[in-house]
Amino acid sequence: MRIGCVKEIKKLEYRVGVTPDHAKAYVKQGHSVYIEKAAGIGSGFSDDEYVQAGALIINDAKSVWDNSEMIIKVKEPLPEEYAFFRSDLILFTYLHLAANKDLLDAMLASGIKGVSYETLTEKDGSLPLLKPMSEIAGRLSVQEGAKYLEKTYGGSGVLLSGVPGVKKGKVVILGAGNVGINACKIAVGMGADVTIMDVNLNSLSHLDDLYGARIQTIASTDHAIEKEVADADLVIGCVLIPGKMAPKIFKKEYLKFMKPGSVIVDVAVDQGGCFETTKVTYHDDPVFIVDGIVHYCVGNMPGAVPRTSTIALNIHTLKYGLQIAKYGLEEACRINAVLYSAINTYDGACTCKNVAEGFAIEYVPAEDKCM
Ligand SMILES: NC(=O)c1ccc[n+]([C@@H]2O[C@H](COP(=O)([O-])OP(=O)(O)OC[C@H]3O[C@@H](n4cnc5c(N)ncnc54)[C@H](O)[C@@H]3O)[C@@H](O)[C@H]2O)c1
């Protein structure tokens with residue numbers, strides 16, 4: 001298969017879909033790999049490293065899109081890239097269609113085969129291609145939250161760990177999935193007072209077993225959230241219903257009960273956000289203030305640490321990418337049925353149930369279309 005990887009054009013996005021090591025893995029299996037010039041620079045990979053790996057460096061994005069049978073990216077395509085879509089092209093990347101009707105429309109109109117990282121669901125229900133970025137975003141969420149609590153960044157001036165004789169800062173984490181577990185780990189490591197909430201009591205039991213008395217687990221209800229966030233210094237929102245818009249579980253009125261200069265980090269912003277006051281922000285201007293509360297709502301948090309993020313993502317995408325490249329998408333799905341769960345659009349149909357339901361459009365199972 002001819003596999004292409006273009007330079008990400010989202011503002012301040014430095015990750016890349018294919019590393020030199022993984023280009024080599026595709027080449028070794030007889031595939032051709034086209035890399036747009038300087039695509040890997042932001043993650044610390046030079047064009048020379050790709051050439052050594054057997055890839056071909058192409059000067060412009062259009063030629064990569066036009067000459068490839070599968071494009072492997074990181075972020076969802078931006079409007080400037082929609083013109084490159086075509087019905088015989090496989091697009092393997094994060095799509096987050098639930099929050100992006102324009103992209104969905106462009107994909108359906110073109111007939112492109114949209115294979116999303118974030119909905120690929122393994123037999124045990126896990127989301128292996130969302131997980132690595134969630135691990136990074138979860139860890140970063142506390143790091144960023146701690147930074148914006150500093151006075152010079154507009155925060156209340158609270159140090160999460162406290163010091164002997166002075167109270168610790170309180171961190172409330174909404175959602176105990178991959179992001180939440182990682183946020184919890186770092187917040188506990190920093191010595192904060194940590195509360196984590198979820199509707200899934202099994203997830204809370206797991207954390208309770210791990211951390212015992214060092215954290216507080218609480219079943220997530222409207223009333224409990226309102227109560228817990230009132231004295232929080234940092235609230236991290238990371239709930240997910242796969243393929244759907246995030247539920248707005250943090251209401252605007254809760255801001256009034258919080259201490260001025262407290263920080264909220266909406267990690268779920270890529271699925272529309274779980275705070276009513278969320279607006280997407282970017283790394284060059286990541287925060288805004290509503291009712292005295294600092295909001296951090298960057299949709300591509302792992303982009304801040306592209307070297308770690310690119311390597312972590314590639315480790316997980318390679319296995320599925322190699323299957324698609326070897327057999328073609330349709331045959332690869334027959335061999336490994338979990339791949340159906342990643343197909344969001346195929347030949348003009350929306351093949352992701354939650355995305356179709358969210359926009360009230362027809363849903364066609366990928367198994368019926370992709371044969
Ligand atoms: N902004 C970024 O850069 C970035 C990076 C990675 C992941 N994300 C996003 O973070 C979100 C979380 O990802 P994840 O991998 O942790 O997902 P996950 O599926 O592992 O965890 C989500 C958790 O939310 C819980 N949940 C659902 N509804 C809830 C509710 N009403 N109250 C409390 N908990 C609820 C679920 O039970 C689950 O435990 C996703 O939207 C993902 O796309 C964003």
Side-chain angles (χ1 to χ4, degrees), residues 10-15 74-76 93-100 116-122 124-141 143-145 172-185 195-207 217-226 228-229 235-251 264-275 278-283 286 295-306 308-309 312-313 316 354-355 358:
K10 189 170 182 143
K11 196 154 77 162
L12 301 175
E13 177 56 71
Y14 298 110
R15 286 172 289 175
V74 179
K75 288 311 287 178
E76 69 282 356
T93 190
Y94 288 114
L95 289 171
H96 296 295
L97 292 175
N100 197 340
S116 91
Y117 294 161
E118 74 277 6
T119 60
L120 193 148
T121 311
E122 269 297 345
D124 61 0
S126 63
L127 302 167
L129 301 188
L130 185 58
K131 192 175 175 198
M133 294 307 102
S134 293
E135 289 170 336
I136 289 172
R139 289 171 188 224
L140 268 176
S141 65
Q143 186 171 310
E144 295 297 327
V172 174
I173 301 166
L174 305 174
N178 290 314
V179 172
I181 289 171
N182 281 277
C184 183
K185 184 173 194 163
T195 295
I196 186 158
M197 309 176 75
D198 202 295
V199 285
N200 182 338
L201 295 185
N202 289 332
S203 306
L204 296 182
S205 293
H206 170 66
L207 285 168
T217 60
I218 295 192
S220 175
T221 61
D222 286 351
H223 179 67
I225 295 172
E226 181 175 354
E228 287 306 319
V229 301
V235 182
I236 295 166
C238 44
V239 301
L240 173 69
I241 301 167
K244 285 208 170 175
M245 286 287 270
K248 303 273 185 212
I249 58 174
F250 187 108
K251 313 289 176 220
I264 63 179
V265 175
D266 196 348
V267 186
V269 61
D270 54 355
Q271 294 288 130
C274 60
F275 295 81
T278 289
K279 277 186 320 205
V280 178
T281 59
Y282 296 91
H283 288 294
H295 290 51
Y296 176 100
C297 307
V298 174
N300 60 334
M301 292 175 67
V305 286
T308 304
S309 300
L313 179 61
H316 292 82
N354 283 342
V355 169

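Whatever order the structure lists them in is the order used to number ligands and atoms, beginning at 1.
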- Message: Main chain of Ala176, side chain of Asp198: is a donor-acceptor contact present, judged purely on distance under 3.5 Å?
- Response: yes

- Message: Against Asn300, only a single residue in Glu76, Glu13, Lys11 fulfils side-chain contact (heavy atoms from CB on, under 4.5 Å); can you say which?
- Response: Glu13

- If every non-hydrogen atom of Ala98 is compared with every non-hydrogen atom of Val355, which pair is closest and at what distance? N-CG2, 4.1 Å

- Message: I'd like to know whether ligand 1 has Leu174 as a neighbour, heavy-atom separation below 4.0 Å.
- Response: no

- Message: Is Ala246 close enough to touch ligand 1? Criterion: a residue heavy atom under 4.0 Å from a ligand atom.
- Response: no

- Query: Quick one: nearest non-hydrogen protein atom to atom 12 (C) of ligand 1, plus distance?
  - Reply: Cys238 O, 3.5 Å

- Message: What protein heavy atom lies closest to atom 14 (P) of ligand 1? Include the residue and the distance to one decimal.
- Response: Ser134 OG, 3.7 Å

- Just how far is it from atom CZ of Phe275 to atom CG of Leu174, taken to the nearest 0.5 Å? 5.5 Å

- Is it true that Glu118 lies under 4.0 Å from ligand 1, counting heavy atoms only? no

- Nearest heavy-atom pair of Ser220 and Val199: which atoms, and what distance? O-CG1, 3.7 Å

- Nearest to atom 30 (C) of ligand 1, what protein heavy atom do you find, and at what distance? Val199 CG1, 3.7 Å

- Quick one: does ligand 1 sit under 4.0 Å from the side chain of Val267, the backbone, both or neither, non-hydrogen atoms only? both

- Atom pair SG (Cys238) and CG (Asn182), whose distance is rounded to the nearest 0.5 Å: 9.5 Å

- At a 4.0 Å cut-off, with the gap strictly under it, does some heavy atom of His96 reach an atom of ligand 1? yes

- For atom 8 (N) of ligand 1, find the nearest protein heavy atom and state the residue, atom name and distance (0.1 Å precision). Asp270 OD2, 3.4 Å

- Message: Test of understanding: given a 4.0 Å heavy-atom threshold, classify the contact between Val298 and ligand 1 as side chain, backbone, both, or neither.
- Response: backbone

- Item | Nearest-neighbour protein heavy atom for atom 19 (O) of ligand 1, which is reported as residue plus atom name and distance | Leu240 CD2, 3.6 Å

- Closest heavy-atom contact between Leu95 and Glu118? N-OE1, 3.0 Å

- Which residue holds the protein heavy atom closest to atom 25 (C) of ligand 1, what is that atom called, and what is the gap in Å? Asp198 OD2, 3.2 Å

- Task: Determine the minimum heavy-atom distance between Ala99 and Gly272, stating which atoms define it.
- Result: CB-N, 3.9 Å

